[in-house]
Amino acid sequence: MAFQKAKGTQDLLPAAIGTWQYVEAAARELCRRYGFREIRTPMFESTELYQRGVGETTDIVEKEMYNFEDRGGRSVTLRPEGTAGTVRAYVENKLYSEPEVAKLYYIGPMFRYERQQAGRYRQFHQFGIEALGALDPALDAEVIALGYDFFTSVGLKGVRVELNSVGTPEIRAAFRERLLAFLEPKRELLCKDCQSRMDRNPLRVLDCKHDQAHFEGAPSILDSLDESCATHFDQVRAHLDAMEIPYTINSRLVRGLDYYTHTAFEYKAEGIGSIDTVGGGGRYNGLVADIGGPDQPGVGLAIGLERTVLLLESQQTELPETTRADVYVVGLGESAAQAATGVAKRLRGAGLAVERDYGGRKMKAQLKSADRYEARLAVILGEDELARGEAVLKAMASGEQQTVRLTELEAQVITQLKEMDAQ
Ligand code: HAM
């Protein structure tokens with residue numbers, strides 16, 4: 001074959017797209033209920049936005065971004081995540097001047113140059129939400145609840161919420177020293193990744209999958225919180241309890257992006273190879289100001305849609321049935337084929353999904369095609385029927401046939417489909 005898709009990308013073919021549309025519809029419906037409105041921001045932004053927004057020492061900025069110079073000599077980057085762009089749009093369009101909290105959501109592709117594996121791609125899709133303009137811990141809890149509801153509403157089981165507080169940058173700086181004092185004597189025992197993280201971002205060391213045995217007795221960030229951080233954390237928990245959202249506290253959860261303050265959380269599930277995180281988020285009170293906006297707080301999350309779809313498959317979740325066609329119009333002969341075009345147009349106008357033949361095939365082949373489309377009704381138009389101003393209506397499941405006047409065809413089709421729905 002001459003061309004193949006780029007490594008780490010996927011073609012989402014029509015046969016699988018139903019699952020994607022189902023998942024996206026669930027996301028949009030939940031956003032409607034929780035009052036989040038859609039925002040669509042560009043797929044590329046200035047490289048500097050991500051350097052400042054996501055953080056210079058993160059894996060994303062250090063080694064995963066698709067950066068390129070455009071023809072005007074500007075350095076731009078395919079968005080690796082949605083928060084920085086959404087916050088940039090919030091600032092640039094002065095959404096902060098509106099009296100209510102800005103509750104925004106997005107669904108779309110993100111790009112990270114990562115090693116391909118099950119559940120990890122270079123172009124992937126996120127459903128994300130961002131709520132800007134309030135410090136209220138109820139907002140953190142509602143963001144977490146929306147994500148939790150998303151997984152249950154698509155029918156997934158066993159998705160767990162892990163919760164932590166990462167405090168403020170000052171608290172993290174003090175905790176970093178305590179943690180380094182604990183880790184330094186063990187440096188040689190730790191894996192290469194941990195050793196390099198100790199120098200760049202020691203909090204992430206505790207996240208390591210291999211070295212957990214060495215971390216017994218490590219200091220916990222939760223013991224380092226000041227009173228206002230601890231109160232915020234307690235209140236988030238109280239709001240989660242009020243909504244009966246189950247969660248566990250994981251004081252080692254730090255997330256891979258630099259902008260978090262206070263609340264940090266992840267959704268975990270088994271069933272996608274070695275990956276167990278399907279979504280995550282947290283509060284980011286300094287980010288808006290960091291990228292040049294007013295001092296407005298924010299909180300949000302993002303869920304990986306490939307991972308959601310993989311989980312639905314691994315749990316063999318039953319999705320609502322969708323048929324490709326309500327009606328198949330069979331036209332036999334040239335003038336009947338033209339009449340079929342007219343009939344199909346009118347039925348589509350009435351809101352029905354209509355298929356037809358595109359090759360002048362014989363009756364038997366056209367009815368076979370109707371079966372492939374899972375049509376519930378066939379409208380059969382032959383030259384003789386047409387001459388009499390009639391058509392035959394065939395119920396595909398029972399095989400029952402009925403002759404109807406062409407003038408009443410549309411009404412008859414609708415009545416019969418309704419009767420089938422009621423059965
Ligand atoms: P993140 O944890 O980097 O957070 O990504 C969120 C989710 O996107 C992950 O849990 C995962 O499901 C999915 N994901 C990330 N990378 C890949 C990949 N290479 N292939 C497939 N799926 C992937 C963020 O992006 C933050 N912006 C979330 C946020 C919003 N925090 C506050 N607001």
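Ligands are counted one by one from 1 in listed order, and the atoms in each one are counted from 1 as well.
- From the protein, the heavy atom lying nearest to atom 21 (C) of ligand 1 is Gly119 O, 3.2 Å.
- Between Gln126 and ligand 1, at least one N/O pair is under 3.5 Å apart.
- Checking side-chain atoms of Asp193 against main-chain N and O of Cys208 turns up no donor-acceptor pair under 3.5 Å.
- Of the protein's non-hydrogen atoms, the one nearest atom 20 (N) of ligand 1 is Tyr121 N, 3.0 Å.
- At under 3.5 Å, a nitrogen or oxygen of Gly279, whether backbone or side chain, sits near a nitrogen or oxygen of ligand 1.
- A donor-acceptor contact closer than 3.5 angstrom is absent between the side chains of Glu48 and Ser75.
- With hydrogens and angles left out, the side-chain atoms of Arg356 and Thr341 include a donor and acceptor closer than 3.5 Å.
- For atom 19 (N) of ligand 1, the nearest non-hydrogen atom of the protein is Glu114 OE2, 2.6 Å.
- Side chains of Tyr284 and Thr83: a donor-acceptor N/O pair is absent below 3.5 angstrom, by distance only.
- An N or O contact shorter than 3.5 Å links Glu81 to ligand 1 by distance.
- For Tyr113, no heavy-atom contact with ligand 1 is shorter than 4.0 Å.
- No hydrogens or angles considered: a donor-acceptor pair under 3.5 Å links the side chains of Tyr328 and Ser369.
- Aromatic ring centroids of Phe150 and Phe127 lie under 6.0 Å apart.
- Side-chain contact check for Thr77 and Thr47: at least one donor-acceptor pair (N or O, by modelled atom type) lies under 3.5 Å.
- Near Tyr260, meaning under 4.0 Å from one of its heavy atoms, ligand 1 places the atoms 26 (C), 28 (C), 29 (C), 31 (N), 32 (C).
- Checking Arg255, Glu306, Lys268, His125 against atom 2 (O) of ligand 1, the nearest heavy atom belongs to Arg255.
- The closest donor-acceptor contact from the side chain of Gln195 to the backbone of Leu190 lies under 3.5 Å.
- Taking every heavy atom of Gly281 and a limit of under 4.0 angstrom, the matching atoms of ligand 1 come to 31 (N).
- The backbone N or O of Phe215 sits less than 3.5 Å from a side-chain atom of Arg252, completing a donor-acceptor pair.
- An N or O contact shorter than 3.5 Å links Val278 to ligand 1 by distance.
- The nearest non-hydrogen atom to atom 26 (C) of ligand 1, considering only Tyr259, Phe111, Phe265, comes from Tyr259.
- When atom types are taken as modelled, the side chain of Arg307 and the backbone of Gly119 share a donor-acceptor pair closer than 3.5 angstrom.
- The nearest protein atom to atom 18 (C) of ligand 1, hydrogens excluded, is given as Phe124 CD2, 3.5 Å; this is a heavy-atom distance.
- Contact annotation for Tyr267 and ligand 1: no heavy atom of the residue comes within less than 4.0 Å of the ligand.
- Protein heavy atom closest to atom 9 (C) of ligand 1, with residue, atom name and distance, is Arg307 NH1, 4.1 Å.
- Using a 4.0 Å cut-off between heavy atoms, Glu266 makes no contact with ligand 1 at all.
- Nearest protein heavy-atom neighbour of atom 33 (N) of ligand 1: Glu130 OE1, 2.8 Å.
- Scanning the protein heavy atoms around atom 30 (C) of ligand 1, the nearest turns out to be Thr83 OG1, 3.0 Å.
- Taking distance alone, with nitrogen or oxygen atoms compared against 3.5 Å, Gly304 approaches ligand 1 more closely than that limit.
- For ligand 1 and Arg120, the ligand atoms under 4.0 Å from any heavy atom of the residue are 19 (N), 20 (N).
- Set against the non-hydrogen atoms of Ala302, the atoms of ligand 1 under 4.0 Å away are 6 (C), 7 (C), 28 (C), 29 (C), 30 (C).
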inquiry  = Using side-chain hydrogen bond (donor to acceptor under 3.5 Å, both in side chains), reason through Arg79 and Tyr50 one step at a time and then give a plain yes or no.
reply    = CA-CA 8 Å; Arg79 62 181 188 195; Tyr50 299 112; over 6 Å; no

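- Using modelled atom types, one finds a donor on one side chain and an acceptor on the other under 3.5 Å when comparing Ser224 with Arg178.
- Within the structure, the closest approach of Gly256 to ligand 1 does not fall below 4.0 Å when heavy atoms are considered.
- When atom types are taken as modelled, the side chain of Tyr267 and the backbone of Ile144 share a donor-acceptor pair closer than 3.5 angstrom.
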